[in-house]
Amino acid sequence: MKERLIGFLLFLSALVSLASLAVITFFIFEAGLPLIFKVGLGTFLESSAWSPSGKNPQFGIASMILGSVWVTLGAIVVGVPLGLAVAIFSAELAPPRLAAIIRPVIQLLAGIPSVIYGFIGLTILAPLVRTTLGGPGLSVLTAALILGIMILPSIVSISEDALRAVPRAYREGALAVGATPWQTIWRVLVPAARSGIVASIILGMGRALGETMAVIMMLGNALQVPRSPLDSATTLTSNIGLELAYASGAHREALFATGVVLFVLIMVLNMLANVLTGRVVLWRTRLPVSRSIFARLRGRQPAGDRSGS
Amino acid sequence: MSDIKIQIDHFSYTYGDEPPVLRNITLNVRRNSILTIFGPARGGKTTLLRSLNRLTDIDEPGKRQGRILLDGQDIYAPSVDVPSLRRRIGMVFALPVALPMSIFDNIAYGPRLQGVRSPSRLSDLVQFALEAAALWDEVRDRLDSSALALSGGQQQRLSIARVLALEPEVILLDEPTAALDPISTAKIEEALITLKSEYTIVIAPHNVQQAGRVADDAAFFLMGECVEAGPASQLFTVPRDRRTEDYITGRFG
């Protein structure tokens, strides 16, 4: 009886999370879609004229889309090489004790509130960019550098798991034919973990695309199409965050419509990541051989086998 | 040139606080011969093979005593370059390792790592290695398809071919036919006997019959000790040690 009650309560909690997703989806689309139909999807996405509250309001979010794209790509350019390097170091090269420190420290980065990141970008990085490279300082470059750090936890943890999941036999097979450790990593382990690594990058993109607070603080919030990394810009998220408080009527609807676009983009990225990580799982279960190699080697070397993932 | 390719000299190996996996092994491997190391499980066979090309380096650090000499050179000397040592002493594992790439790339993998770029040289090496491993006729028409699609027996011969493409001096095989059917096993054994004219081979077979079929020399390992070593013809017919005889005649193991 008690068992069933607990089971039911857990089922209910699962249902609540699912239902909240459904409700959020429904309300965003309900509030945003009418405007998109009124303005026309093409104009809404392709025009960069945004004057939502005048006599002849114009609703074009192209400059914000481009701002989001620039910032997200910039964050990827910064975060992926760094994150991949950390993941490779921690999974393959670091002594187990050091790896045990790196992992939680990187995870700690995920716990820092984004307003703190924004604060650091605003007070330290932006002046630095302004004085050394020119421009207003509050720029795509500044935001991308900080966002690159913010997405490290997603990239590092998932890439590292993928690297650790590569069958030990691949590693030994490569080493046994005289590959150096570096060649083993670059030509065998990274390709074998590729789908997990790509998934981590996509999740990182999702995080960068969705980030709001830090972007508002660092990007300068200029309603313009950025021409260079030193320009200010606005993103989909920062525009919603800045304007929703005072928007009403069609303006408000347009912000919800912006939310719809953002929502769809993030959903697509997440689904892509799920499909890719899903493939990692499928691919591993298709190779029972590698599993039994794990078991064999573990049986033979009981003292804290490093590959125990 | 000395007749001895590898000289194992009072070699012991211990993982952590456990009893030694190898105890004071002294054993010679003759050039261009097949030495078989046999005995029941957990006798130290695998650890010895892994010590010979220093794959034990990547395990949890163990304690090592004694020496292993390849052509008179200590392979654990600080000046030894480990990757090039592993190219001289190639290793084939119990479970076939087909890397997730095409058949051709699996074989060309080692040479490419060494910097061989010329396509004609690579395809020569691939053909030579596949022929030597008795796989060429089965895969010559589909070198570009994935190696993961090969059968277990083919994948194991592929693993052997991958090692051969490195043109090593010594080939180590750890239970190379443990996961294979009798026909594939016979093919691999035939290949090995042909190969010994060019290479020195050390094999840890998974059963004593295979040891008898392929070996020139044999060493019986029990609980980390080398109980007895000598010419296979003598060791399998008139073993000197009682334990060897008991094992060969099937009283345990």
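So you know, we letter chains A, B, ... as the sequences are listed, proteins then strands, and number each from 1.
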Novice: State whether the number of non-hydrogen atoms from other residues, nucleotides or ligands found under 6.0 Å of A:Q107 atom CD is greater than 12.
Specialist: yes

Novice: More than 12 heavy atoms of other residues, nucleotides or ligands under 6.0 Å from CE of B:M223: is that the case?
Specialist: no

Novice: Inspect the surroundings of CZ in B:R117 and state if more than 12 heavy atoms from other residues, nucleotides or ligands are less than 6.0 Å away.
Specialist: yes

Novice: Would you give the length of the straight line joining atom CZ of B:R54 to atom CG of A:L175, rounded to the nearest 0.5 angstrom?
Specialist: 12.5 Å

Novice: Non-hydrogen atoms of chain A under 4.5 Å away: do they reach the side chain of B:R88, the backbone, both or neither?
Specialist: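 B:R88 has no heavy atom closer than 4.5 Å to chain A.
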
Novice: Return the minimal non-hydrogen interatomic distance between A:R187 and B:L113, and the atom names on each side.
Specialist: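 Of all heavy-atom pairs spanning A:R187 and B:L113, the closest is NH1-CD2, 3.7 Å.
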
Novice: Tell me the closest heavy-atom pair linking A:A174 and B:Y109, and the distance in Å.
Specialist: CB-OH, 3.2 Å

Novice: Check the surroundings of atom CD1 in B:I183: do more than 12 heavy atoms from other residues, nucleotides or ligands lie under 6.0 Å from it?
Specialist: no

Novice: Looking at B:R50 and A:E172, is any side-chain nitrogen of the basic one under 4.0 Å from a carboxylate oxygen of the acidic one?
Specialist: yes

